Amino acid sequence: MADLNASIRDKALALGFDAVGFAPAALAPEVRTRLAAFLAAGQHGDMGWLAVRPDRRAAPAILWPEARTIVALGMSYAPAFDPLETLARPDRGNISVYARNRDYHDIMKGRLKHLAQFIVSRFGGNAKPFVDTAPVMEKPVAAQAGLGWQGKHTNLVSRTHGSWLFLGELFTTLQIDPAPPPAGGCGSCARCLAVCPTDAFPAPYRLDATRCISYLTIEHKGPIPLELRARMGNRIYGCDDCLAVCPWNKFARPGGTEKLQARADLAAPALADLAALDDAGFRARFSGSPIKRIGRGRFVRNVMMAIGNSQDAALRPAAARLLADPDPVVAEAAAWAVGRLGGWAAE
Ligand code: B12
Ligand code: SF4
Ligand code: SF4
């Protein structure tokens, strides 16, 4: 058994993963009740897919009854820069760290497949990779496998990688000894709760996704709720505030996956340039990036929020050009931005 654990761990690290753990293919009953409470409160907003078969999401055994063990994997994307720096530059857009280069799913998937092949060829049984897209609750799974704990911001915090781990997992029919629970925890810290610009945490360990800027800029399709717009600042794709202030990040070293290192042109892109993107320009600029998934309309809507919050009248023409945009959500966002910058009276 020790050989099994050690071989899989060594192989995973050699493939480029930064954290590895093992857990039984089952989750504690409170995970199901907490997911049910989140859904009952409507805190998932438009993410209807989260509410499809929540029993299955909270019970890995329903997903694959033969699975005995989950191998939980983490890939560090700890930044080598201050992720909140661009927030102080109102004519620029702030893109969250995870989206400043390639889509991590593609990198994770390739590595998980290699690890699955290794496990089956070396130890037999069967193994299936999962990452994000499958209905698996990856944070409680990773916590149970010893990768860390769910912090008050709800994400997994690792003693060695702070808040900056992408998660993925392999289910296997092999029986593997689970990892001991890690030391560490949030204690009396509440920095992440206090920093959230939209007050998205109704209580520690609980997120109302409908208020989270990550949800508003990435998942939400229609107009952004009026009362939250001013609080978004220049965050145009995701948000890192609650992750970035976590004191456990001081132990994190910049991640070793080159394709996850930030692209220089996405560090502080000029809002005026982004507002001018048409469909083809958007696709070309974000080819291979997770940002491409939301499409030009939603992205430019976000850029309009940032322009509206910039207090920079020089950006008014960039918004005014979109007042008659064929996408009504973009046109409305542009009108809001123009209004915030003084409207027509100031022309
Ligand atoms: C839906 C989703 C979102 C939604 C909702 C987030 C959320 N917290 O639920 C939105 C769009 C807002 C989002 C945002 C982000 N996401 Co996201 N998201 C997911 C996804 C697909 C599902 C998460 C889920 O199941 N939510 C449902 C809720 C109910 O589950 P939960 O958060 O585990 O809830 C637990 C706590 O609330 C806790 N709890 C509740 N009450 C209580 C009470 C007590 C006392 C205690 C102790 C605990 C507790 O128990 C619940 C059950 O475990 C996962 C991938 C996956 N398949 O798991 C990625 C995932 C969670 N996201 C991820 C990332 C990176 C982000 C962002 C940082 C991206 C960004 N920079 O913009 C932000 C972070 C925002 C935040 N503070 O959470 C990573 C997190 C990695 C990590 N280290 O944890 C994941 C795992 C993707 C991945 N494969 O790496 N995301
Ligand atoms: S990602 Fe940003 S908006 Fe969402 S909970 Fe964290 S700090 Fe709040
Ligand atoms: S900032 Fe503090 S409370 Fe939030 S996750 Fe990190 S240690 Fe926990």
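Values in this document were obtained by computation on a predicted structure and should not be read as measured data. Order of appearance sets the numbers: ligands from 1, and atoms from 1 within every ligand.
Each of the following atoms of ligand 1 lies closer than 4.0 Å to a heavy atom of Cys242: 77 (N). Listed by atom number, the atoms of ligand 2 under 4.0 Å from Thr198 heavy atoms are 3 (S). Under a 4.0 Å criterion applied to the non-hydrogen atoms of Asp241, ligand 2 contributes the atoms 7 (S).
The two residues Ala200 and Pro202 have their closest heavy-atom pair at O-CD, 3.2 Å.
Note: no N/O pair closer than 3.5 Å links Tyr215 and ligand 1 by distance alone. Remark: ligand 1 and Ala209 share no N or O pair separated by less than 3.5 Å (distance only, no angle test). Note: an N/O pair closer than 3.5 Å links Leu167 and ligand 1 by distance alone. Annotation: Tyr98 places no N or O atom under 3.5 Å from an N or O atom of ligand 1; distance criterion only. By the 3.5 Å distance cut-off applied to N or O atoms, Cys212 is not counted among the residues near ligand 1. Considering backbone and side-chain N/O of Thr154, one or more are found under 3.5 Å from N/O of ligand 1. When only interatomic distances are considered, the shortest N/O to N/O separation between Arg57 and ligand 1 does not fall below 3.5 Å. For the pair Asp240 and ligand 1, the shortest N or O to N or O distance falls below 3.5 Å. On a distance-only criterion, Glu138 and ligand 1 share at least one N/O pair closer than 3.5 Å. Between Leu156 and ligand 1, a contact under 3.5 Å exists for at least one N or O pair.
Among Leu165, Thr33, Thr217, Leu39, the residue whose heavy atom sits closest to atom 82 (C) of ligand 1 is Leu165. For atom 34 (O) of ligand 1, the choice among Gln150, Arg32, Arg206, Arg34 with the nearest heavy atom turns out to be Gln150. Summarising the contacts of atom 66 (C) of ligand 1 with Val141, Asn155, Leu27, the nearest heavy atom is found in Asn155. Counting only non-hydrogen atoms, the option in Glu30, Lys139, Met75 that gets closest to atom 9 (O) of ligand 1 is Lys139. Closest heavy-atom approach to atom 6 (C) of ligand 1 among the candidates Leu207, Asp208, Leu50: Leu207.
Side-chain atoms of Lys152 come within 3.5 Å of backbone atoms of Cys189 as a donor-acceptor pair (strictly under, hydrogens ignored). With hydrogens and angles disregarded, a donor-acceptor distance shorter than 3.5 Å links the side chain of Arg92 to the backbone of Ala268. The backbone N or O of Glu30 lies less than 3.5 Å from a partner atom in the side chain of Thr33, making a donor-acceptor pair. No donor-acceptor pair under 3.5 Å is formed between the side chain of Arg316 and the backbone N or O of Ala313. When atom types are taken as modelled, the side chain of Arg235 and the backbone of Asp240 share no donor-acceptor pair closer than 3.5 angstrom. The backbone N or O of Ser310 lies less than 3.5 Å from no partner atom in the side chain of Asn234, so there is not a single donor-acceptor pair.
Residue contacts with ligand 1, taken as heavy atom pairs separated by less than 4.0 Å, involve Tyr205 via backbone and side-chain atoms alike. If you look at Tyr104 next to ligand 1, the close heavy atoms, those under 4.0 Å, all belong to the side chain. Here Tyr77 has side-chain heavy atoms under 4.0 Å from ligand 1, and that is the only part of it that gets that close. Residue-level proximity to ligand 2 for Leu207 is carried by the side chain, the only part with a heavy atom below 4.0 angstrom. With a heavy-atom cut-off of 4.0 Å, Val136 touches ligand 1 through its backbone alone. The side chain of Met47, and not its backbone, has at least one atom closer than 4.0 Å to an atom of ligand 1 (non-hydrogen atoms only; side chain from C-beta on). With a 4.0 Å heavy-atom cut-off, ligand 1 is reached by the backbone of Cys239 but not by any atom from C-beta on. Here Val97 has no heavy atoms under 4.0 Å from ligand 1, in either its backbone or its side chain. Neither the backbone nor the side chain of His44 comes within contact range of ligand 1; no heavy atom lies under 4.0 Å.
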Exercise. Does the pair Lys292 and Asp103 meet the rule for a salt bridge (Lys or Arg N to Asp or Glu O under 4.0 Å), with working shown?
Worked result: CA-CA 9 Å; Lys292 194 171 167 202; Asp103 192 327; over 6 Å; no

Exercise. Given the rule in the side-chain contact (heavy atoms from CB on, under 4.5 Å) test, do Phe118 and Leu15 qualify, once you have shown the distances and angles that lead to the verdict?
Worked result: CA-CA 11 Å; Phe118 169 81; Leu15 283 169; 6.0 Å; no

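For the pair Phe201 and ligand 2, a heavy-atom separation below 4.0 Å is found. Contact annotation: Phe130 has no heavy atom less than 4.0 Å from any atom of ligand 1.
Residue Tyr205 is not grouped with residue Val157 when hydrophobic side chains (ILVMFWY) are merged at heavy-atom distances under 4.5 angstrom, including chains of intermediate members.
Aromatic ring pairs are classed by plane angle as parallel below 30°, tilted from 30° to 60° and perpendicular above 60°; the pair Phe282 and Phe299 is tilted. Classification of the Tyr237-Tyr98 ring pair by plane angle, with boundaries at 30° and 60°, yields tilted. Between Trp64 and Phe171, the ring-plane angle classifies as parallel under the 30° and 60° cut-offs.
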List, one per line, each side-chain donor-acceptor pair under 3.5 Å for residues 317-334, sequence neighbours excluded.
| unit_1 | atom_1 | unit_2 | atom_2 | d |
| --- | --- | --- | --- | --- |
| Asp325 | OD1 | Arg296 | NH1 | 3.2 |
| Asp325 | OD1 | Arg296 | NH2 | 2.9 |
| Asp325 | OD2 | Arg296 | NH1 | 3.1 |
| Asp325 | OD2 | Asp327 | N | 3.0 |
| Asp327 | OD1 | Val329 | N | 2.9 |
| Glu332 | OE1 | Arg229 | NH2 | 3.0 |
| Glu332 | OE2 | Arg229 | NH1 | 3.2 |
| Glu332 | OE2 | Arg229 | NH2 | 3.4 |

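Under 4.0 Å is where a charged nitrogen must lie from a carboxylate oxygen, and between Arg293 and Glu219 at least one such pair does.
Looking at Arg111 and Thr257, their side chains do bring a donor and an acceptor atom within 3.5 Å of each other.
Taking a cut-off of 2.8 Å, the protein N, O or S atoms nearer than that to atom 4 (Fe) of ligand 3 are Cys192 SG.
Side chains of Cys239 and Thr217 form no contact here, defined as non-hydrogen atoms less than 4.5 Å apart. Here the side chains of Asn302 and Ile224 are in contact, with some heavy-atom distance below 4.5 Å. Within the 4.5 Å cutoff, no side-chain heavy atoms of Lys259 are placed close to those of Asp106.
Among Ile176, Thr172, Leu174, the single residue meeting the side-chain contact (heavy atoms from CB on, under 4.5 Å) criterion with Phe123 is Leu174.
From the protein, the heavy atom lying nearest to atom 3 (S) of ligand 2 is Ile213 N, 3.2 Å. Regarding atom 7 (S) of ligand 3, its nearest protein heavy-atom neighbour is Trp248 CD1, 3.6 Å. For atom 2 (Fe) of ligand 2, the closest non-hydrogen atom of the protein is Cys239 SG, 2.3 Å. Of the protein's heavy atoms, Cys196 SG, 2.3 Å lies nearest to atom 8 (Fe) of ligand 2.
With sequence neighbours excluded, the residues forming a side-chain contact (heavy atoms from CB on, under 4.5 Å) with Asp82 are Leu84, Glu85, listed by chain and number. In this structure, the side-chain contact (heavy atoms from CB on, under 4.5 Å) partners of Ala78, at least two apart in sequence or on a different chain, are Ser76, Trp164, Ala252.
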